[in-house]
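A note on names: the letters A, B, ... follow the listed sequences, proteins ahead of strands, and every chain is numbered from 1.
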4 protein chains.
Amino acid sequence: MTREDTRNRLFRAAVELIAEQGFAGTTVDAIAERAGVAKGTVFYNFGSKDALFSALLDHGIQRLTMSLAEAAGVPSDATPLARLDAVVLAQLRFFDEYGPFARVLFGEMWRTAWQDAVTRLREGALGVYERILADAVEAGELREDFDTGTAATALFGMALTVSIERRVLRPDRPLEEVHATLVELIHGRVTKSVEAG
Amino acid sequence: MTREDTRNRLFRAAVELIAEQGFAGTTVDAIAERAGVAKGTVFYNFGSKDALFSALLDHGIQRLTMSLAEAAGVPSDATPLARLDAVVLAQLRFFDEYGPFARVLFGEMWRTAWQDAVTRLREGALGVYERILADAVEAGELREDFDTGTAATALFGMALTVSIERRVLRPDRPLEEVHATLVELIHGRVTKSVEAG
Amino acid sequence: MTREDTRNRLFRAAVELIAEQGFAGTTVDAIAERAGVAKGTVFYNFGSKDALFSALLDHGIQRLTMSLAEAAGVPSDATPLARLDAVVLAQLRFFDEYGPFARVLFGEMWRTAWQDAVTRLREGALGVYERILADAVEAGELREDFDTGTAATALFGMALTVSIERRVLRPDRPLEEVHATLVELIHGRVTKSVEAG
Amino acid sequence: MTREDTRNRLFRAAVELIAEQGFAGTTVDAIAERAGVAKGTVFYNFGSKDALFSALLDHGIQRLTMSLAEAAGVPSDATPLARLDAVVLAQLRFFDEYGPFARVLFGEMWRTAWQDAVTRLREGALGVYERILADAVEAGELREDFDTGTAATALFGMALTVSIERRVLRPDRPLEEVHATLVELIHGRVTKSVEAG
DNA sequence: GATGAATGAGGCTTCATTCAT
DNA sequence: CATGAATGAAGCCTCATTCAT
């Protein structure tokens, strides 16, 4: 499957380069060179730089969604809270493994050009968070009119921002410690002694 | 002060356009046109497109830092927790008012080109969060080795992400409700009934 | 004869597309697609895009020449003038049937690249006109030093231009009316009343 | 007027090159080089290669129309027939002087891309012919239902084709002889002895 | 005979920057 | 102080052609 091989190599090269230098800062020349093919091959396989990026976004979002969804469902009888922790950890792990993609998502996602991708992200990754929160509402753990949409975005953005900052400024910090801090934050340990006091 | 006028108009035009189309997607031509001046004037006043953007980032970060710092300090005798809420509200308000800037920050901040700006952001805006958390540690409200740096980033990223999403997808939602949701999240209301149960 | 089939389909596709978009505006990809074959097949059968076009021009010029020659010779004892009318009608009919070819001829014939084809056209189609005019000279119907070459070109260009314009702007107009107008023009009806007066 | 100078030089260079090699065969690089400016200047002044060509077509058509109209109107009391001869001569002269333009017109005019230009040509240059023929109809020199539109196209195409052929194959032939031949053709000298006989 | 993935030279276009006015 | 015409490096993209299957 030569064709598929070529596409995959281009994919990988594009993700890496765009993560390093942004979409605009990455030339098709560079992508082709890193993939070890001629420039024309990029266009033969994807039609345009934009289309390549779009396919790339789709692919990443799909993988991210699957990772979070899997974490959210195992074990299926866990409390919403436990599942929330698992999803946050899954998100941190995903961006740890596919670090470049986090940067891409962060940097380019809000361009109006990729609104479709944003929609898919909302329905996919954010949807996982939102469903857990909705379960918590249903289970009586959150008040009826809790804004699960905003909260889902907040949790996702929190993990995303922390992931990027860790990569850029403190790559040596263990993932588990970061996760512990976030969990503590979410679970209200911050206010515990205050409320206790 | 014609000079200052021109600079301000260029500033505003640049922020708006970069927010809409990103840094790379914004041309100096477009900035000049929206500001109502000739293209040469941009270079006469700022030297280069990068320098304009850099000045713009600095300005925004400085204002943001001041907003957060002010919120953090009034009233000075409040508990760390109350001050944290106030800072989150201040951040939401800032991005509500200077919305385009949030997008700029979100999209371009992590480019290696603007590392200085990131550093200033850390020392400024994130510093405000971090100091409050440090106060909480000192006050015994958080355990000694709590990672205030990561938590500060998480809180900042949470408010930032929510601000942008609100502007893009739900601009009619009252700011206060969004703030209430975030505060609830941070304060552990999410887990309350669970822990209570 | 699969081979011949393929060649014919490529021929038709090429003529149509080149007529619509010109030689340079027509891609080998488009020709292959319209012919329903793979791109490589074009090169397998014709060697190059230029060679395909060349073969196409030759074929068209040969057919055109045959059409005109046939009209010029039947009946063989007609006056030069009657034969001229018949040739003009034949040319109009030819371009009515092979309309796209007229556009191709019109648009690309004068490129220095296809000088050979022009030569063949001169010797063929224009030659038919020229021979009739020469007959008229010989028959004393035209003065000895009448420039039959220029006149042949003029008559040919007249019919060609009118053919194209009819296809583009007035396809509903009956061919016979167009022919009548041209004949009237050539035969000097334009000046008749003047001369009569 | 540096700007206008530049535009004019680009104009001239473009006409020459496009006449020599066709629109598609002419690169913007070549146009810029012949005009003695940088490539970017072409786009600064005309926006695109297409726009340059469009402007060029417009300009040529306007000039051609003016030349023909002038010839058609002087002297104003001449018979329609005399004015027709004058217009044919004017067209030959125009293409003799602006020879390259004839090729451009001939080769590119029928592309659907330039339909506007074709419309202007019809209303302009062809209109001049048509008006004279209409005058002839009104003056009783032509029958009432004579198709002046088709005849105008025929006369125009005749002169156009002859002009190009002369440039390509017989540039030494005096213009006046060519004109004489065409006039003879139009005026029915071809048929004279026949009708007389 | 036919295919279609891959190529790479070459084209059009963009745009930050310069500079003479 | 400000202008805007001009620049040219650099980018995206097209497409005729090749070749292994």
Side-chain angles (χ1 to χ4, degrees), chain A residues 1-7 10 24-32 35-52, chain B residues 1-7 24-33 35-53, chain C residues 1-7 24-33 36-52, chain D residues 1-7 10 24-32 35-52:
Chain A
M1 230 125 286
T2 302
R3 181 90 192 260
E4 209 50 41
D5 262 15
T6 303
R7 280 182 69 96
L10 283 170
T26 301
T27 68
V28 174
D29 260 300
I31 295 172
V37 299
K39 187 175 13 173
T41 304
V42 178
F43 294 94
Y44 180 74
N45 279 281
F46 290 96
S48 73
K49 190 188 175 190
D50 272 27
L52 166 55
Chain B
M1 223 136 287
T2 302
R3 179 78 187 268
E4 210 51 40
D5 260 16
T6 302
R7 283 181 66 96
T26 301
T27 67
V28 174
D29 260 301
I31 295 172
E33 190 187 8
V37 300
K39 179 157 50 164
T41 305
V42 178
F43 293 90
Y44 181 75
N45 279 281
F46 291 96
S48 75
K49 190 190 176 189
D50 274 26
L52 166 56
F53 185 56
Chain C
M1 225 136 288
T2 302
R3 180 77 187 270
E4 210 50 41
D5 260 18
T6 303
R7 282 181 67 96
T26 300
T27 67
V28 174
D29 259 301
I31 294 172
E33 191 186 8
V37 300
K39 179 158 49 164
T41 305
V42 179
F43 292 90
Y44 181 75
N45 278 281
F46 291 97
S48 75
K49 191 191 176 189
D50 273 26
L52 166 57
Chain D
M1 228 130 284
T2 302
R3 180 89 192 260
E4 210 50 41
D5 262 16
T6 303
R7 281 182 67 97
L10 283 170
T26 301
T27 67
V28 174
D29 260 300
I31 295 173
V37 300
K39 186 171 21 173
T41 305
V42 178
F43 294 92
Y44 181 73
N45 279 281
F46 290 95
S48 73
K49 191 189 175 189
D50 272 27
L52 166 55

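Rounded to an integer number of Å, the gap from F46(B) CZ to dA2(F) C1' is 14 Å. dT3(F) atom P lies 13 Å from atom CG of D29(B), rounded to whole Å.
When each of G47(D) and Y44(A) is assigned the nucleotide of DNA chain E with its nearest heavy atom, Y44(A) is the one assigned upstream, toward the 5' end. If you find the closest nucleotide of DNA chain F to G36(B) and to G40(A), the one lying nearer the 5' end belongs to G36(B). Closest-nucleotide positions on DNA chain F for A38(D) and F43(A) were compared, and the one nearer the 5' end corresponds to A38(D).
A 4.5 Å side-chain heavy-atom check between R3(D) and N45(D) finds at least one atom pair inside the cut-off. Contact annotation: the side chain of I31(C) approaches that of L52(C) to within less than 4.5 Å [non-hydrogen atoms, C-beta and beyond].
Remark: the separation of the P atoms in dT21(F) and dG1(E) is 22 Å, to the nearest Å.
In terms of the side chain to side chain contact (heavy atoms under 4.5 Å, CB included) criterion, residue partners of F43(C) (sequence neighbours excluded) are, by chain and number, V28(C), K39(C).
Paired regions of DNA chain E, where each region holds three or more successive Watson-Crick or G-U pairs whose two hydrogen-bonding distances fall under 3.5 Å, are E:2-21 with F:2-21.
Taking a heavy-atom distance under 4.0 Å as the criterion, the stretch of DNA chain E touched by chain A extends 5' to 3' from dG4(E) to dG10(E).
Using a 4.0 Å heavy-atom distance criterion, T41(A) is classed as a base contact. V37(C) comes within contact range of the sugar-phosphate backbone alone, with a heavy-atom separation under 4.0 Å but no base atom that close.
Scanning all heavy atoms of the two residues, the minimum distance from A24(A) to A24(B) falls at CB-CB, 3.2 Å. Nearest heavy atom pair, residue A35(A) against residue L10(A), reads CB-CD2, 3.6 Å. Summarising the geometry of S48(A) relative to A51(A), their closest heavy-atom pair is OG-N, 3.0 Å, with the distance given to 0.1 Å.
At the phosphate of dG8(F), neither OP1 nor OP2 sits under 4.0 Å from any side-chain N or O atom of K39(D).
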